[in-house]
Amino acid sequence: MEPKILEEDRDEWIYNSMKKYSNLYMFELEFPADVFEVIDEMSICLSGCQPYSKKTEILQLALPPKLFPKDIEEGLCKDRDFQIVSGGYASSNILQIKPVKSSSCSGSVVACTQGGENSVTLYQLGDENCAVIKEFCKLPVSPSLDLHAKQSLGILATTESSLFLGTSSSVQEWDLNSASPPVPLRHALPSSISLGEKVTKIKLLENKTMFFLGDNGVVLLHDLRTPSSSPISFTSSKSTSISKAEVEILFSFDTICDTVAILDSYGGYEKFDVRQPSPGVRVGLPVVFGGSGDDDVGKTGSGVLRDSFNIQFSPSSQQGSSTEPVFLVSGLDSSQVHILQGVDHQSSSSPGVDVDALFVHDGHSKRVTAAVFHPSVERLIFSASVDSMLHAWQYIQ
Amino acid sequence: MPEIKLIPLGAGQDVGRSCLLLSIGQKNVMLDCGMHMGFNDERKFPDFSVITNSKMNLTEYLDCVIISHFHLDHCGALPFMTEMVGYNGPIYMTHPTKAICPILLDDMRKVCVERKGETNFFTQQMIKDCMKKVVAVNLHQTLMVDDELEIKAYYAGHVLGAAMFRIRVGEESVVYTGDYNMTPDRHLGAAWIDRCRPDLLITESTYATTIRDSKRCRERDFLKKVHDCVDKGGKVLIPVFALGRAQELCILLETYWERMNLKVPIYFAAGLTEKANNFYKMFITWTNQKIKKTFVHRNMFEFKHIKPFDKQFIDNPGAMVVFATPGMLHAGLSLQIFKKWAPNENNMVIMPGYCVSGTVGSKILSGHKKIEFENGQVVEVKMSVQYMSFSAHADAKGIMQLIHYCQPKNVLLVHGEAAKMEFLKQKINQEFKVECYMPANGETCTITTNPDIPLDIAVPIINKEETEYDQQPPDPKRQRLVHGVMIMKDNRLKILDVESAGAELGLPRHVMRFTEKVTIREFGAISRVTDKIGALLRTRLNASTPVDTLSENEISVDGGRVTLKINPVPKTETAKEICTTWGMEDDELGAFIFALMANMT
């Protein structure tokens, strides 16, 4: 039994938060968000299981206007609430949501993979006249692909209105601008680099250049337009320990500018420079990766959540005086979200420290399942936890 | 089919005024009678022509009026309706609502008539006359308006005295929520209702598509702004209504000041504190658990850090926080303070609620930097203007929770956004498998109900059923047939057995019996034929069916259901006539036996 959180303790936390956060919002959703994704600057899309009917509901929410800084910081803007722009029901639980920027579909469209279905489903989000999210079309995927694990496929939307679905050996591409149901184009990935059994994360840059992370700790950089060029890859130093490990090792990665960083579930943060082929530099993070509770929901032996383990670089370029990128770590079996920043050794005054813990958000009372940066507003992060709470917070540097 | 009808009254697609006409059974009930604060002409009051056009006056048409709480968008038009349009029937509201309504109505009257110069408005005397027609109700008390119409109030949270009402006529019931709140706050509890399964739940849906920021974070924002301002030596003005969020904000600031050990003075306009305190003391049972508990030791509304305000303090140097009325800065102390403090950019005004257009409050909220007054005075607004909404309303999650608690058969949403209608209908349908309606103002919404009809059953029929089915308890999966006659008497339905029904109605019972004859040739005495037929019947009929030889020429089967008489045919030696007689209900048995006789020839 968890100790009962007293009202006084909650008040106390709020009082202390005033110095730490410039903005803090807490929303109680009708259900814990299984998936949530920032669709664009002004809205997010999330889905989860309704407690009454047990059906999967998908919602598009408009962000509270007060989150966006205005020139005149007068507080005349009234709204601190999320508005449900549209909502609807999906036939089964949703595993991923990715926005699609396509000119052929009116209004916004999102692409989803769902449990038990061998296809990518496109949903039409509502517009001014209709607030119901409806299934728009289903793109069948060849059955050999395993769609059941949540992040075994990365689905992406690109600015050229293409949809990509990646596995460890290939990428399927659909051109969404074609009039008829699009036929997928299959790109094979270079066979010289192994991505293990499945791809766990994909990041798309412009011009069909993509990073793939395999479950073996290898990141592959590949340009789909030039399949024959020699592939570039980065391998985590923990990759070789996988077969010997008693406890399953998970990896995540992100890229920003010329940096590629791989996070492993043993607490390591390994940085690579895209321009140089030299091996990466791995440092330990000042964060405890152990578990907090007894239940084994989706956890690996090291206490990290299989489906949520993630590292994300802050999209905005501001990092203070350092050139090191700021990143967040989520998917640990804890109710905290950590913001960290690597230490620039050349200018650092504390030579022993490799990664600084910039901020810890401990406002959640239960395990955090996902955390993500807002694409443009500085230091604004959204985090969701299993107790149906969704927080939007902006920390003070 | 029985129906419940609902018409939202009002002109146009506006939000901000509640007045609903409900028809249930043969009764007509008006739910709330609110005023629209945005209009200055006749559009501010509900349009009663729906009733008056049908040549009935309000008193004839309405069985009662129910007011949910004292906010003006729910009770503001009541004196207009009762005294200027004309209504003399009962008006129901809770005790706190009855105590507080007249004060707010009079305040509003002063603003509209004295400040804005409106004519055709109700007078102070009219407010008094109106309140004389009010009957106060207690929570969870079932009140019979007449011998058929019943109402019951439930706690709604939201403001002091706010209630949700259940209206019942016969087997049909409706729950009207007014404004409610599903999460408790610092001085009020959360709404509660039992699983009453009404045919219809009517709920406000202004926030049905909103996911509200938590109360704590709103408070945090408020405290942060106040603290930052007083830290810099600025003054904070908070215009409030005497009864409403003011108490909540006071408790909030008091707790914060205590914890952070702040010394900056907080003031509350003197006269109103006492009045408000008295109301809360009187209606302590309407507040939340914590306040009730601490009230034994000390009055939650007597504050350590909050002192009564004196006008002389307006010019005091240094930081301070002041709560002053009225809430929209349209007159009185709050306006006086505002005029003095507005030109200083270190100061701050925090508007905690809605401001009617035309008031200074609404002007500064729309960004006006200069306010001009009738006496020519111009005030420059350099102080920081903040708006913080603390109203306690149920949002998307709260509405779903309420539907889950009371389990209505239908849901009706008022004040919803038309664009979101389809989404809400689908959602409520998917989650609770009930229909959802969203009528526009002036549109009649009809809901068919399936009320249960209670019947009384006479004991002999139950006894007969018991024997017939071997005293087994009823099985919901297998129907059982019970024969009887249904009589309607004294507005009740009864099922009686045939004899009692006949007796009740004074009707003699007529019985129809059929007789078929067949002639056979048999030697010997009649009694021999009788025995032969008796034996035949015993072999051919079910062993449990008794066959009795009543006399030498009469046989009775199954206690008289079928009887046989054997008579000699006159003037013949051997011909015998067998008459088989049976009643209409025993046609099958009778026909079977007759066929047996016919085969004997």
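Note on naming: letters A, B, ... go to the chains in the order of the sequence lines (proteins, then strands), and numbering restarts at 1 for each one.
- Both the backbone and the side chain of Tyr21(A) come within less than 4.5 Å of a heavy atom in chain B.
- Within the 4.5 angstrom heavy-atom criterion, only side-chain atoms of Leu61(A), from C-beta onward, approach chain B.
- Heavy atoms closer than 4.5 Å to chain A are found in both the backbone and the side chain of Arg212(B).
- With a threshold of 4.5 angstrom between heavy atoms, Glu219(B) does not approach chain A through any atom at all.
- With salt bridges taken as basic N to acidic carboxylate O contacts below 4.0 Å, none links Lys232(B) and Asp228(B).
- Classification of Lys304(B) and Glu254(B) as a salt-bridged pair fails, no side-chain N sitting under 4.0 Å from a carboxylate O.
- Ranked by non-hydrogen atom pairs under 4.5 Å with chain B, the options Met389(A), Glu28(A), Lys19(A) are led by Glu28(A).
- In summary, Arg80(A) and Asp221(B) engage in a salt bridge, as defined by a charged side-chain N under 4.0 Å from a carboxylate O.
- Contacts between Phe432(B) and chain A at a heavy-atom distance below 4.5 Å involve the side chain alone, from C-beta outward.
- When each of Ser17(A), Ala392(A), Ala62(A), Pro51(A) is scored by its heavy-atom pairs under 4.5 Å with chain B, the top score falls to Ser17(A).
- In summary, the aromatic rings of Phe27(A) and Phe82(A) are positioned with their centroids under 6.0 Å apart.
- A ring-centre distance under 6.0 Å is found for His374(A) and Phe68(A).
- Of the atoms belonging to Lys425(B), not a single heavy atom falls under 4.5 Å from chain A.
- The contact between Leu29(A) and chain B is made by backbone and side chain atoms together, counting heavy-atom distances below 4.5 Å.
- Between Glu30(A) and Lys427(B) there is a salt bridge, since at least one side-chain N of the basic residue sits less than 4.0 Å from a carboxylate O of the acidic one.
- Under 4.0 Å is where a charged nitrogen must lie from a carboxylate oxygen, and between Arg218(B) and Asp81(A) at least one such pair does.
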